[in-house]
Amino acid sequence: MEAVNIGLIGLGTVGSGTVEILRRNSQEISGRAGRDIRVSRVAVRDKAKPRPVDTSGIDIGDDPQAVVDDPAVDIVVELVGGETLARDMVLRAIDNGKHVVTANKALIALHGNEIFERAQAKGVMVAFEAAVAGGIPIIKSLREGLSANRIDWAAGIINGTCNYILTRMEKDGLDFDTVLRDAQALGYAEADPTFDIGGIDAAHKLTIIASIGFGIPLQFERVYVEGITGVTIEDIRYAGELGFRIKHLGIARRQEDGIELRVHPALIPRDRLIANVNGVMNAILVRADAVGPTLYYGAGAGAEPTGSAVVADIVDVVRALTSDPTNRVPHLAFQPGALAALPILPMGDVLTAGYLRMRVQNRPGVLAAITRIFADRDISIDTVLQKGHDEVNGEVTIIILTQETQDRNLGGAIAEVEALSAVDGRVNLIRLENLA
Ligand code: NDP
Ligand code: HSE
């Protein structure tokens, strides 16, 4: 049988990893797929740039449209990133009747509803395993492995750059900017690293996880998003003293009246498995009604881990090339007509506990005034820690851990605490998740 021809757009970190795996493991891959798979042509921005992989026999150009319009190309693999060119090329590939594989979470989170509708109408597949948690087969697990279950919640460390930064701040005592530069040099960070450290990348991935887990349309704009720029080495140290680690989490939870969708740093008990996921590694903890909790762990970024997911998608598409489109696994796990219109809850409605760090005057009555504010809002305090008495200005650091309350209660209490004359500056809030 003739080889399946891949047209690749983008030969950067993930593109190079994909080409390398397809070459190195060609026998195993064709044995699994039932057909030989070859990259026939590639489009890049700069044809003259040296590539870290063997590109012999591949037609390398700089026109993505030529790849998408090439009648010899069976599957278009989009590894260019961004939204504009990627969206145009993916939609054009679909219109040309080609199957698509992409690692682009921004594209799927923001334009997936449109893309899947178009693909459904044309009877082609759009596969996107690499878009969430790099090499971890979380899409396949949620969409197929857990298809018997009602998913209750998923909580994940889904941005490798954030996890790498928080881990090295904790273990090596390094500052934020130094570690971010390392993450960029290692190819973990997005072209625009503010997407990573600002939580946007994790929100893209959470959008996809929630859609597949709960059978809801992709709703990136409804995700509550916080990054890690507010987390200091001090917070990491105090959290450690209290028995917690700070991780950047994406949480999607089914509640009676809707779905929680939130991305933010969180203290989690140090003895949870997920609290011990370090460096660029990702992990997603899923709680489902029949199977109970399951944990998925692996490399969330990097050339070959992500290439592994891209190639797995290519194999899936090749296996299903001749199948009837109506018998394929639906893009978002549920048949298009079965997607639910569950509301996404505002962050203020979500139940969370808090870690609050503040600088206050060290004099009688200050702590009483602060705790009164919490009591008046019916927020129960779990732990109070006083640290770092400063002889010069008479200030101390107070850390308060609260029990669960509605998130808007925490916000209201913090505003009142900040208004006290004995409190110097802002209160730093990091939420606390038990993940029990
Ligand atoms: P890179 O920046 O390393 O590579 C992008 C590639 O696209 C380069 O080869 C570049 O060409 C090419 N390109 C850019 N603009 C154009 C253009 N106008 N025409 C043709 N080619 C163009 O990105 P990554 O490989 O890191 O990421 C690719 C995708 O994978 C993104 O969607 C990203 O979010 C996703 N992803 C990345 C992961 C990672 O670990 N890096 C993990 C999971 C997903 P040239 O080389 O000539 O500059
Ligand atoms: N920039 C992303 C991360 C790449 O750091 O996790 C993987 O999606």
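- Using modelled atom types, one finds a donor on one side chain and an acceptor on the other under 3.5 Å when comparing Lys247 with Asn278.
- Taking every heavy atom of both residues into account, Asn104 and Gly82 meet most closely at ND2-O, 2.7 Å.
- In terms of the side chain to side chain contact (heavy atoms under 4.5 Å, CB included) criterion, residue partners of Asp257 (sequence neighbours excluded) are, by chain and number, Gln255, Leu345.
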Side chains of residues 289-296: which donor-acceptor partners sit under 3.5 Å, not counting sequence neighbours?
residue : atom : partner : partner atom : Å
Asp289  : OD1  : Arg150  : N            : 2.9
Thr294  : OG1  : Tyr296  : OH           : 2.8

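- Under the side chain to side chain donor-acceptor pair (under 3.5 Å) criterion, Asn434 pairs with no residue at all, not counting sequence neighbours.
- Annotation: cation-pi pair Arg143/Phe128 present, NZ/CZ under 6.0 Å from the ring centroid and within 45° of its normal.
- The environment of Leu351 atom CG is dense: over 12 non-hydrogen atoms of other residues, nucleotides or ligands sit within 6.0 angstrom.
- Scanning for side chain to side chain donor-acceptor pair (under 3.5 Å) contacts around Asp62 gives an empty result, with sequence neighbours left out.
- Checking side-chain atoms of Asp175 against main-chain N and O of Thr178 turns up a donor-acceptor pair under 3.5 Å.
- A donor-acceptor pair shorter than 3.5 Å can be found between the side chains of Asn276 and Arg245.
- Pairs passing the salt bridge (Lys or Arg N to Asp or Glu O under 4.0 Å) check and including a residue from residues 34-47, sequence neighbours excluded, read Arg41-Asp70.
- No side-chain donor-acceptor contact under 3.5 Å links Asn159 to the backbone of Ala202.
- For Glu221, the CD atom is densely surrounded, since the number of other residues' heavy atoms within 6.0 Å is greater than 12.
- In this structure, the side chain of Glu260 does not engage the main chain of Arg254 through any donor-acceptor pair within 3.5 Å.
- From Leu261, atom CG reaches atom CD1 of Ile344 across 4.5 Å, with rounding to the nearest 0.5 Å.
- Taking both residues in full, the closest heavy atoms of Gly134 and Ala309 are given as O-CB, 3.3 Å, listed atom of the first, atom of the second, then distance.
- Classification of Arg319 and Asp316 as a salt-bridged pair holds, one side-chain N sitting under 4.0 Å from a carboxylate O.
- Counting only residues at least two apart or on different chains, no ring pair (Phe, Tyr, Trp, His ring centres under 6.0 Å) pair has a member in residues 237-294.
- Under the 3.5 Å distance criterion, the side-chain polar atoms of Ser30 are matched with a main-chain donor or acceptor of Gln27.
- A 4.5 Å side-chain heavy-atom check between Lys98 and Asp74 finds every atom pair outside the cut-off.
- Using a cut-off of 4.0 Å between Lys/Arg side-chain N and Asp/Glu carboxylate O, Glu117 and Lys122 are scored as not salt-bridged.
- Comment: Asp177 does not engage Arg181 in a salt bridge, judged by the lack of any side-chain N to carboxylate O separation of less than 4.0 angstrom.
- Of the possible polar contacts, none joining the Ser308 side chain to the Glu304 backbone as a donor-acceptor pair under 3.5 Å is found.
- Looking at Lys387 and Glu241, a side-chain N of the basic residue comes within less than 4.0 Å of a carboxylate O on the acidic one, giving a salt bridge.
- Using a cut-off of 4.0 Å between Lys/Arg side-chain N and Asp/Glu carboxylate O, Glu83 and Arg87 are scored as not salt-bridged.
- The backbone N or O of Ile75 lies less than 3.5 Å from no partner atom in the side chain of His99, so there is not a single donor-acceptor pair.
- Checked against side chain to side chain donor-acceptor pair (under 3.5 Å), Glu129 has no partners two or more places apart in sequence or in another chain.
- Ion pairing between a basic and an acidic side chain is recognised when a charged N comes within 4.0 Å of a carboxylate O; Glu404 and Arg431 show no such pairing.
- Inspection of the Asn282 and Asn163 side chains reveals no N or O donor paired with an N or O acceptor under 3.5 Å.
- Residues satisfying the side chain to side chain contact (heavy atoms under 4.5 Å, CB included) test with Ser323, not counting sequence neighbours, are Ala320, Arg328.
- Residue pairs satisfying the ring pair (Phe, Tyr, Trp, His ring centres under 6.0 Å) criterion with at least one member in residues 325-351, sequence neighbours excluded, are listed as follows: Phe116-His331.
- Results of the side chain to side chain contact (heavy atoms under 4.5 Å, CB included) test with Leu11 over Thr55, Thr18, Val39 single out Thr55 as the only residue that passes.
- With Ile284 as the partner, the side chain to side chain contact (heavy atoms under 4.5 Å, CB included) test is satisfied by one option alone out of Ile158, Val277, Leu142: Ile158.
- Side chains of Leu435 and Leu249 form a contact here, defined as non-hydrogen atoms less than 4.5 Å apart.
- The neighbour count for Arg222 CZ, taken as heavy atoms of other residues, nucleotides or ligands under 6.0 Å away, does not exceed 12.
- Tyr355 is linked by a ring pair (Phe, Tyr, Trp, His ring centres under 6.0 Å) to nothing, counting only residues two or more places apart in sequence or in another chain.
- When the side chain to side chain donor-acceptor pair (under 3.5 Å) test is applied to Asn409, the partners found at least two apart in sequence or on another chain are Thr405.
- Few gaps surround CZ on Arg377; more than 12 heavy atoms of other groups in view lie less than 6.0 Å from it.
- Side-chain contact between Tyr164 and Leu186 is present, with heavy atoms from C-beta onward closer than 4.5 Å.
- In this structure, Thr352 and Met347 have side chains that are in contact, with non-hydrogen atoms separated by less than 4.5 Å.
- With a 4.5 Å cut-off on side-chain heavy atoms, Thr402 and Asp382 do not count as touching.
- Looking at residues two or more places apart in sequence or on another chain, you find a side chain to side chain contact (heavy atoms under 4.5 Å, CB included) between Asp324 and Thr326, Asn327.
- Listed here is the closest heavy atom pair of Ile216 and Ser211: O-OG, 2.5 Å.
- Under the 3.5 Å distance criterion, the side-chain polar atoms of Asp63 are matched with a main-chain donor or acceptor of Gln65.
- The shortest distance between side-chain heavy atoms of Asp152 and Arg253 does not fall below 4.5 Å.
- Side-chain contact between Ile233 and Leu174 is absent, with no heavy atoms from C-beta onward closer than 4.5 Å.
- Although no hydrogens or angles enter the test, the distance criterion places no donor-acceptor pair under 3.5 Å between the side chain of Glu78 and the main chain of Val76.
- Without hydrogens or angle criteria, Arg357 side chain to Val427 main chain gives no donor-acceptor distance under 3.5 Å.
- Taking the side chain as every heavy atom from C-beta outward, Arg168 and Asp182 approach each other to under 4.5 Å.
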*Please assess Val350 against Arg262 for the test side chain to side chain contact (heavy atoms under 4.5 Å, CB included), listing each intermediate value before the final yes or no.*
CA-CA 9 Å; Val350 168; Arg262 50 194 172 104; 3.4 Å; yes
